[in-house]
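Below is one structure, written out as structure tokens; comments come after it.
Here is how names work: the chains are called A, B, and so on, in the same order as the sequence lines, proteins then strands, and each is numbered from 1. Below, each value reflects all heavy atoms present in this structure, side chains not excepted, and no hydrogens, waters or symmetry copies.
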Amino acid sequence: MNYLSGEYLTGGYGGADIIRDCNIFVDKGEIAVVVGPNGAGKSTAMKALLGMLNLHKGHVFLDGQDISGMSPQQRVSQGMAFVPQNQNVFVTMTVQENLEMGAYLRRDNITETMNQVFELFPVLKEKRKQIAGELSGGQRQQVAVGRALMTRPSVLMLDEPTAGVSPIVMDELFDRIIEVKRTGIAILMVEQNARQALNIADRGFVLVTGENRFTDTGEALLANEEVRKSFLGG
Amino acid sequence: MENSIDLLNALALISNYVLIPSLSYGSQLALGAVGVTLVFGILRFANFAHGELMAFGCMATIFFTWWFQSMGITHSFFPTALLAMPFAVLLTVLLVAVIDRSVFRFYRRNKSRPVTFVVASVGVMFMLNGLVRILVGTDEIIFRDGQKFLIKAGAFKKMTGLSEGLALKQTQVLTVVLAIIAVFLLFWFLQRTRTGKAMRAFSDNEDLALLSGINPERVVMVTWIVAASLATLAGVLYGLDKSFKPIVYFHLLLPIFASAIVGGIGQPVGAIIGGYIVAFSEITATYAFKKFITYLAPDNFAPEGLGQLLSTEYKFAVSFIILVIVLLVRPTGILRGRVL
Amino acid sequence: MNNKNRVVLSFSIMALLLLTVGYGQSWNVALAIFNMCLISAVMSMGLNMQWGYAGLFNAGVMASTAIGGLTAVLVSYSPVMKAWSAGGTPLTAAFTALLITIAFGLLVWKKIKKGFFRSLCMTAVVLTGYVFMRIYYDEATLAIEAIEPAKTGFLGGLGLPIIFSWIAGGLAAAGLAWIVGRISLGLRSDYFAIATLGISEIMISILKNEDWLSRGVKNVTGLDRPVPYEVDLQQSEWFINLVTRFHGTADDGSPVSADILRETIQLSAGVFVKICYSGLFLAVVLIILWFATRALNSPWGRMMRAIRDNETAASAMGKDVTSRHRQVFIIGSAVIGIAGAMLTTLDGQFTPGSYIPLRFTFLIWVMVIIGGSGNNLGAIIGAFITWFVWIEAEPASLWLVSHVNVLLAETNPLRVHLQEVAPHIRMVLMGLILVLVLRFTPKGILPEKAPEHY
């Protein structure tokens, strides 16, 4: 049994099913990446895991427990953290306040966790008093990831964290994500930049029109001729 | 020498009729506008019942004031209403809690469109409007007691030897002082406390706030409590300063909305700035500057008309013109709030 | 129950209620309510176009009503020649100054690039224009308002039959709506609502204060009527004969006394006049209903509803949402303006002080919401029910209060207070009805489309 797994997920936003019999799973201390062409239902699959979707079929398990009936908020309190693709920081609040809000549910002392986040993203410590809306795109993503980490999650889910940032920033962000993984957190990521993402992935899922097409280790997928041709541009 | 006295006279005149009244009226508007802007930021709709809420708060204060007065609890200097107000705040908070539970929560759960909330708030406006009139009637009520003036016009003339008097009403000073205290407390609450920060976060980005585990119902309740308290304070200060008349509070709605929008809707600081801008513009535009110009102009020159930009009855127009200018020039308001 | 049955049932109940009032209270009261119901129906049909068809939150219904009322004065009142000769020239000068200012303003706006210099020029143009306007305008108003202030003191109107003003009032309201729409359409609903509320308040303050135009709070009374006067009727032979034919004999067949007959004639004259009005108003309601129903079912109406239901999708499909909104806002306001002129006609007087938003804006809202947004017949039945409750709630609550008051001593202050405030119970009632309908039957009494299962 994997730490977080979605089995036979089928559903959509009220209309037609966007994902069908989708299987996605990730273990602690590993990075799983969901890739695929536009409109393949990558983000939808991730939202299904978080409970932001009406599922017709399928179940979500976290640490062996069926959490399919829980609301997103309940799942967050169970240790799942989510970084949305857009509007993922509180733009009118300072960096530090963003992190505090991430830890809103915690009643214990959060200084230690905050220091860990600052260690991971030193630039945030520097700009802790600055309004998040005034930061650059890459720095904002760091705030977003930092906010998610403040709950001390066991699973971190990222929806296209590198969308709209420069390649250099992207490499740096991926480095940080690998560091997060080393602390024993399970990381699930949806990515447009498939090649770079699969490079750091322990596990990869290729979705096409809402269904699993390939599921393998990141390395194997990169080596797979068909995957390279169809999805990685040769 | 002659000139400098003229200058001082002009200054006293403008302070008496424009600056001081604008400052107190602006504070009253600001307190109302902060409530509107908070409700907008958190619940995402323009609350048309806010004026009536102010009327209700003031009415509750009047009842407590009368009760205290009948028991002989008064003060020779301060108005009894100050003592009555905390009780009225509790009552008003209770009222909005009931209203939110019975009216607005349903639409929140259904994720209704903002305009549905607005229509519902019109219904609430009708009910509060009738309720206030049933309880207290429609007549003008003066409930101020204690000392009326801090500085009387005559005393000022004697003291300074100027020909222009300057009167300072106690209610004007009270308004400004209480508004400053209320705003200070509000900002301390919003900037420093966990709940206050949660409110700001919710206003900023609802989805992300939910993902962070912020309880929306709690945030909404706190917002109503703050808005109702500020509405009561604003209503009482306005009523003390002028007098209590239910219909007036409905007409305050427009300048209050204008203040909130000018400052940037959803931005409490903006609402305060907006309140003063609207108040200053309203009073300046409707003040007859004839005497003022006569003091400042060279000898033997007096303007022919009253020197009044707009007649007093058009003060609505001032709020509205400000609204339109903001709309055309900077729809986000001064502090870049949300675009409505 | 399907929609057709609902229509029949709700209108039958309404008719029954009015008949009850007719038999129970008096036919004069019943017809007075009926006439106001018809006018309200026109207003709510107008608002229904804006809100029900297109989803526009117009909180300035009162402005259209008031300008319609003003038009009734300006069309029907005979011109006050003395006032024209005294103030006509400077007034024309003031308007010329206004036009020149606007022309220069537009010129500056078009020709100079955006920036500090343009703002400077704009300010200069506006200020200069303002000074010139004020000079002529002050002179004009002083002169006009000095002419027999107790009787006229204003310019008067064109002296045409007042019924023309129903069309003119619609056009005037449409013109105002065009300006308002230019300023405030294309914004989110709340902003639009606040802006329109503001405009309507300004409109009323203008009517209250521009005495040269509308006599202000001194009111204009004795307006011309499209129907006969009661006094004339009581003296005309055919009317006396008509009444005598119906009421000339008592139950036992003997002729009634002259006194009773005279009284009957007086009452009947009032009823007859009201019936004349009812006929005229009913014709207007039916004509507008016919147009409104056709428009709603035309491609134009379908597009409006498509825009209302999903603005983003509609604009993505290349529909010009703002200009469609402007269209429907102008048409709806025109209809409300017609109703405003009708109202002033019925009253026979124009009283700017009587326009308050609760009565002339938000009550119309209650009508539309209760009746069923988007359904024209719904708007009509909503108007009827709301107006009926609005009027009858007062005697009902007085009756209620008088029963409570039996328990209290004559001089009990609570008794006196209750007697005084009883009329305000209807405010609470209206709010309650609005909130309850919005919550439990948000589609109103006659929903836009027939519910499939009911």
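Between the side chains of A:R147 and B:S212, a donor-acceptor pair is found at a separation under 3.5 Å.
Shortest non-hydrogen contact noted between B:L208 and A:Q87 is CD2-O, 4.1 Å. Shown here for A:V91 and B:D204, the closest heavy-atom pair between the two residues is N-OD2, 2.9 Å. Nearest heavy atoms, A:M101 versus B:R194: CE-O, 4.3 Å. Taking all atoms of both residues into account, the shortest heavy-atom contact from A:Y104 to B:A198 is CE1-CB, 3.5 Å.
For A:K125, the NZ atom sits in a loose shell: 12 or fewer heavy atoms of surrounding residues, nucleotides or ligands are nearer than 6.0 Å. Remark: A:N115 CG is packed, more than 12 non-hydrogen atoms of other residues, nucleotides or ligands lying under 6.0 Å away. Summarising the local packing, OH of A:Y13 is surrounded by more than 12 heavy atoms from other residues, nucleotides or ligands at distances under 6.0 Å. Shown here is B:R105, whose CZ atom has more than 12 heavy atoms of other residues, nucleotides or ligands within 6.0 Å.
Heavy atoms closer than 4.5 Å to chain B are found nowhere in A:S77, neither backbone nor side chain. Proximity to chain B is absent for every atom of A:R75, based on heavy atoms less than 4.5 angstrom apart. Of the two parts of A:Q74, neither the backbone nor the side chain holds a non-hydrogen atom closer than 4.5 Å to a non-hydrogen atom of chain B. Of the two parts of A:E97, only the side chain, counted from C-beta on, holds a non-hydrogen atom closer than 4.5 Å to a non-hydrogen atom of chain B.
Atom CE of A:M93 is separated from atom CG of B:N205 by 10.5 Å, given to the nearest 0.5 angstrom. The line from OG1 of A:T94 to CD of B:Q191 is 8.5 Å long, rounded to the nearest 0.5 Å.
The shortest side-chain heavy-atom distance between A:P84 and B:D207 does not fall under the 4.5 Å cut-off.
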